[in-house]
Trainee: 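To start, I am sharing the structure in question, which I have written as structure tokens.
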Amino acid sequence: WLAERLIRQIGYDGNPDKRVLDPSCGSGTFLSLCIRKAFDYADRHLVRPEELVKKLLANIVGFDLNPLAVIAARTNFLLSLGTLIKKAPCIEIPVYFCDSILTPAEYTQEGELKIGGRDRHVDTSEGRFSFPSVIIEKNTIEVVCALIEESVQVGRTKAQFLDKLRAAVGPLDPDAEKLLTEVFVRIVKLNADGRNGIWARFLKNQFAPIFVGKHRFDFVIGNPPWVNWQSLSDSYRAKTWKLWENYGLFSLSGQAARLGGGKKDLAMLFTYACLDNYVKDNGRLGFIITQTLFKTKGAGDGFRRFQLGHGAHFQVRQVDDLSDFQPFEGATNRTAIVTFQKGRPTKYPVEYDYWRKKANQSVSLDDSLDEVLEKIKTKRWSAQPINPAEPQSPWITARSKALTAIHKAIGASAYRAYAGSCTWANGVYWMEVTGKNTAGQVVARNLSDVGKLEGIEQVEVALEPDLLYPLVRGRDVQRWRSQSSACLLNVQDPKKRQGYDEQWLKTKYAETYKYLLKFEKLLRQRSGFRKYFCDERGKPFAPFYSLYNIGDYTLAPYKVCWREQAEFFTCAVITNDKVAGKGKVVIPDHKLMFVPLHDKDEAHYACAMLNSCISVLVVKSYGVETQTSTHVLKYLRLPKYDAQDKRHQRLAVLSATAHQIPAAEIDPKRLAMIETEIDETAAAVWDISNTELRDIQSSLADLR
């Protein structure tokens, strides 16, 4: 049904004169559905069977890089033709084993080599086969490979092959003839050795994007590979690096781009390469793609240029957002169906349909599209960049009226957010206090089983209490409330932004230093320590126990915190807590973002504004649940607290009241009344009318 929906959205009606390509065809689902549509079209328009099969074999094409998928797709293509194959005198199934990205990348749109006059190499398990550039420039590679295959089958000699070659493609220079003769001789030998007889066909497949794609396609459809940058092989990253740059998909440059590439997805490059190499002017491309490409900050910026490098623009025509449920069994992802049109700039707002399952309904891949549409509700939304001055900024999506209203709350904030403390070895630095001793020290035990590092020994030691701080983790923060659940051994100098001087720590806090020495080898091997506290040669320039994301701001007495990963944006004010009976500031961990503040009323004002339905919709509408980072305050216009403004004062009181209600005594009705007043007061601060506020609340209700 996903494939059927995409075919319907892109506008393919089965006309066999229209060319269709699936560049990552898998087992051939899209190809089979297109053939079925062509059958229906032929029935309606009285297309003769022999004419239909000829057009289908020429105009419905598949590529894939997985050889097993190609076998499956060819089989399904043949089965889809059914009895129509009797009307074809000769069948070559147009499904090819090739790389949709790299092969055409070496050629210009006119088919000339981008790589100069160099020979084209194909690496295989039997070594490298080299082809002269001239036959590729002349678009005769298909003819040459077919001739090699035929010559092997009928047992031609080398001289006979050369005669046939000259007759087929015209005169060639001696070097080109020599290369092609070498290919022929090697394949003859492989065939004689029983190493199967498909080598010429295999080599021909490798060039399919060139000779098949020289006549552009009306429609390119499919489900491109969703593979993040870090999961690509080193060699493939190296081979495609220039393409990412040329298409403008890296918004950063140089080393920063390489380090930040991990959040990029191959689907980005795949989309751009297919639009560039296969789609006709004014033709359409439709993909089942990850919805995060429209939402993520940084990773998706380059993708949202919607321009092929410095060349043609393309228009986002429509998006189906299926992120509310996972249509692929066993996979948790944010799925979207998107259609593009080449040769037109994207105009905003873009039509954006948000899909929700009806209550008590389940959707299966085996359902038909009509069955699925009966089980879901579609909300007709609009999408546009959250910052109109930055067309590549993340999209914000909501009902059209709400989208207009919430722009009053969008803009630069008067406040800055920070990420919480990062240790890269939580099992060493996160501790629980188990007692006290007579020397005034605390007895503490490290939480050895937390964090990604395994094999950390659990020890119980006496430590000086001064460097132990209450720790708040992501799971400790909920809407209007937080609670410290552990301690952080904070040995970071907040001014120098590295560990306290080693001699000073050894002298003043000897027990703490001895404890850290137990883990010295492990702490020196932390990935973050090597990245941020070692020079290019790997030599440390900071104490081995240095931490990250701890500065003067971390020690502010009040902090408005939110979780990096949460279904909805929820905030709470955290303030001082105690360690061993002594009041200390609370330090958030790296799964929390926070605004540091020094005034209690200001903190509660900010928390109320951030917890309002307006802020929640802004963040939910442009962000991804797993990436609610410090960028929130780049887009959410949080005004500076004014102690003389009665609305600001009232918001501070309302937030403080919500925080004071014990968890066990929460009255939903009372809390709802407080939150309703917060919404109305925050709307007044942003100059949002009551009617606009209702539109915002309706959009948020869609999401809930």
Side-chain angles (χ1 to χ4, degrees), residues 291-297 300-301 304-306 315-321 323-324 336 338-339 344-356 377-415 568-569 571 608-625 628 631-640 647 651 675-704:
Q291 185 257 6
T292 56
L293 298 185
F294 302 107
K295 298 280 188 174
T296 50
K297 170 67 180 167
D301 287 0
R304 291 188 294 270
R305 293 175 68 250
F306 304 128
Q315 178 187 21
V316 185
R317 299 181 70 248
Q318 193 268 341
V319 178
D320 283 342
D321 182 344
S323 58
D324 180 57
V338 59
T339 55
R344 300 180 181 180
T346 294
K347 294 183 179 180
Y348 296 103
V350 169
E351 183 181 316
Y352 193 93
D353 289 347
Y354 183 67
W355 291 36
R356 294 293 303 267
K377 293 180 180 178
T378 304
K379 303 292 184 180
R380 179 57 55 87
W381 284 6
S382 296
Q384 63 187 55
I386 190 168
N387 184 354
E390 297 179 9
Q392 296 171 230
S393 60
W395 280 9
I396 188 163
T397 53
R399 295 186 181 192
S400 295
K401 290 182 179 179
L403 200 60
T404 302
I406 60 178
H407 265 86
K408 295 180 180 181
I410 291 173
S413 171
Y415 297 92
F568 279 88
F569 183 56
C571 300
M609 290 287 284
L610 293 174
N611 269 339
S612 71
C613 67
I614 301 160
S615 297
V616 173
L617 181 61
V618 170
V619 176
K620 180 71 173 175
S621 296
Y622 88 86
V624 177
E625 290 90 340
T628 314
H631 54 67
V632 164
L633 292 189
K634 179 178 179 181
Y635 298 120
L636 190 58
R637 186 175 62 82
L638 180 57
K640 181 70 176 172
R647 298 168 303 180
L651 286 166
E675 291 180 335
T676 296
E677 188 176 350
I678 285 174
D679 289 345
E680 293 170 350
T681 310
V685 171
W686 276 309
D687 197 26
I688 292 171
S689 70
N690 288 335
T691 301
E692 291 173 325
L693 179 60
R694 286 194 293 272
D695 291 331
I696 289 169
Q697 290 168 334
S698 295
S699 276
L700 196 56
D702 289 345
L703 291 166
R704 294 193 189 281

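The analysis underlying the following values was restricted to heavy atoms, covering all of them including side chains, and did not include hydrogens, waters or symmetry mates.
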Trainee: So, using side chain to side chain contact (heavy atoms under 4.5 Å, CB included) as the criterion, who are the partners of T378 when residues are at least two apart?
Mentor: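 T378: side chain to side chain contact (heavy atoms under 4.5 Å, CB included) contacts with D353, W355, I376.
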Trainee: R647: what forms a side chain to side chain contact (heavy atoms under 4.5 Å, CB included) with it, not counting sequence neighbours?
Mentor: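 For R647, the residues satisfying side chain to side chain contact (heavy atoms under 4.5 Å, CB included) (neighbours in sequence not counted) are D645, T681, A684, V685.
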Trainee: Name all residues meeting the side chain to side chain contact (heavy atoms under 4.5 Å, CB included) criterion together with S689; count only those two or more places apart in sequence or in a different chain, and write none if there are none.
Mentor: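 Partners of S689 under the side chain to side chain contact (heavy atoms under 4.5 Å, CB included) test: T691, E692.
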Trainee: Are L638 and S615 side-chain neighbours, meaning at least one heavy-atom pair lies under 4.5 Å?
Mentor: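 SC-SC contact between L638 and S615 ruled out.
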Trainee: Going by side chain to side chain donor-acceptor pair (under 3.5 Å), name the residues that satisfy it together with R637, two or more places apart in sequence or in a different chain.
Mentor: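 Side chain to side chain donor-acceptor pair (under 3.5 Å) check on R637 returns nothing, list empty.
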Trainee: Using the test ring pair (Phe, Tyr, Trp, His ring centres under 6.0 Å), find all partners of W686 that sit at least two apart in sequence or belong to another chain.
Mentor: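 Partners of W686 under the ring pair (Phe, Tyr, Trp, His ring centres under 6.0 Å) test: none.
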Trainee: Could you report the tightest heavy-atom contact between I386 and S393, atom names first, then the distance?
Mentor: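 Shortest heavy-atom separation between I386 and S393 comes out as N-OG, 3.5 Å.
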Trainee: Let me see the working for T397 and K295 under side chain to side chain contact (heavy atoms under 4.5 Å, CB included), right down to the final yes or no.
Mentor: CA-CA 9 Å; T397 53; K295 298 280 188 174; 2.6 Å; yes
Trainee: Ring-plane angle category for Y348 and W395, please: parallel below 30°, perpendicular beyond 60°, tilted otherwise.
Mentor: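 Y348 vs W395 ring planes: perpendicular.
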Trainee: So which heavy atom on A402 is nearest to which on A398, and how close?
Mentor: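 Smallest interatomic distance, heavy atoms only, reads CB-CB, 4.3 Å.
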Trainee: Is the closest side-chain heavy-atom distance between S413 and L636 below 4.5 Å?
Mentor: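 S413 vs L636: side chains apart.
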Trainee: Please list, chain by chain and in numerical order, all residues satisfying side chain to side chain donor-acceptor pair (under 3.5 Å) with T404, sequence neighbours excluded.
Mentor: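 T404: no side chain to side chain donor-acceptor pair (under 3.5 Å) contacts found.
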Trainee: Excluding sequence neighbours, so at least two apart, what forms side chain to side chain donor-acceptor pair (under 3.5 Å) with E677?
Mentor: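 Partners of E677 under the side chain to side chain donor-acceptor pair (under 3.5 Å) test: R650.
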Trainee: Under 4.5 Å between any side-chain heavy atoms of V619 and L610, yes or no?
Mentor: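 Side chain of V619 against side chain of L610, heavy atoms only: no contact under 4.5 Å found.
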Trainee: Holding to ring pair (Phe, Tyr, Trp, His ring centres under 6.0 Å), I want the full list of residues that pass it with H631, two or more places apart in sequence or in another chain.
Mentor: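 For H631, the residues satisfying ring pair (Phe, Tyr, Trp, His ring centres under 6.0 Å) (neighbours in sequence not counted) are Y622.
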Trainee: Per the side-chain contact (heavy atoms from CB on, under 4.5 Å) rule, which among I614, V616, D679 passes with L700?
Mentor: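 One option only clears the test, and that one is V616.
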Trainee: Please examine the side chains of I410 and I396, heavy atoms only from C-beta on, and report whether any two atoms are closer than 4.5 Å.
Mentor: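 Sidechains of I410 and I396: in contact.
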Trainee: Among residues at least two apart in sequence or on other chains, which ones pass side chain to side chain donor-acceptor pair (under 3.5 Å) with T346?
Mentor: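 In terms of side chain to side chain donor-acceptor pair (under 3.5 Å), with neighbours along the sequence ignored, T346 is linked to no residue.
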Trainee: I'd like to check the ring pair (Phe, Tyr, Trp, His ring centres under 6.0 Å) partners of F569; sequence neighbours left out, ordered by chain and number.
Mentor: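 If we apply the ring pair (Phe, Tyr, Trp, His ring centres under 6.0 Å) test to F569, skipping adjacent residues, the hits are W562.
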Trainee: Run the salt bridge (charged side-chain N to carboxylate O under 4.0 Å, His left out) test against K640 and tell me which residues pass, sequence neighbours left out.
Mentor: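 Listed in chain order: E602.
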Trainee: Using a 6.0 Å cut-off, check whether atom NZ of K408 has over 12 heavy atoms from anything other than its own residue.
Mentor: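 Yes, because the 6.0 Å sphere around NZ of K408 holds more than 12 heavy atoms from other groups.
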Trainee: Please identify each residue that fulfils side chain to side chain contact (heavy atoms under 4.5 Å, CB included) with S323, with sequence neighbours left out.
Mentor: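 Side chain to side chain contact (heavy atoms under 4.5 Å, CB included) check on S323 returns Q291, D321, R334, Y354.
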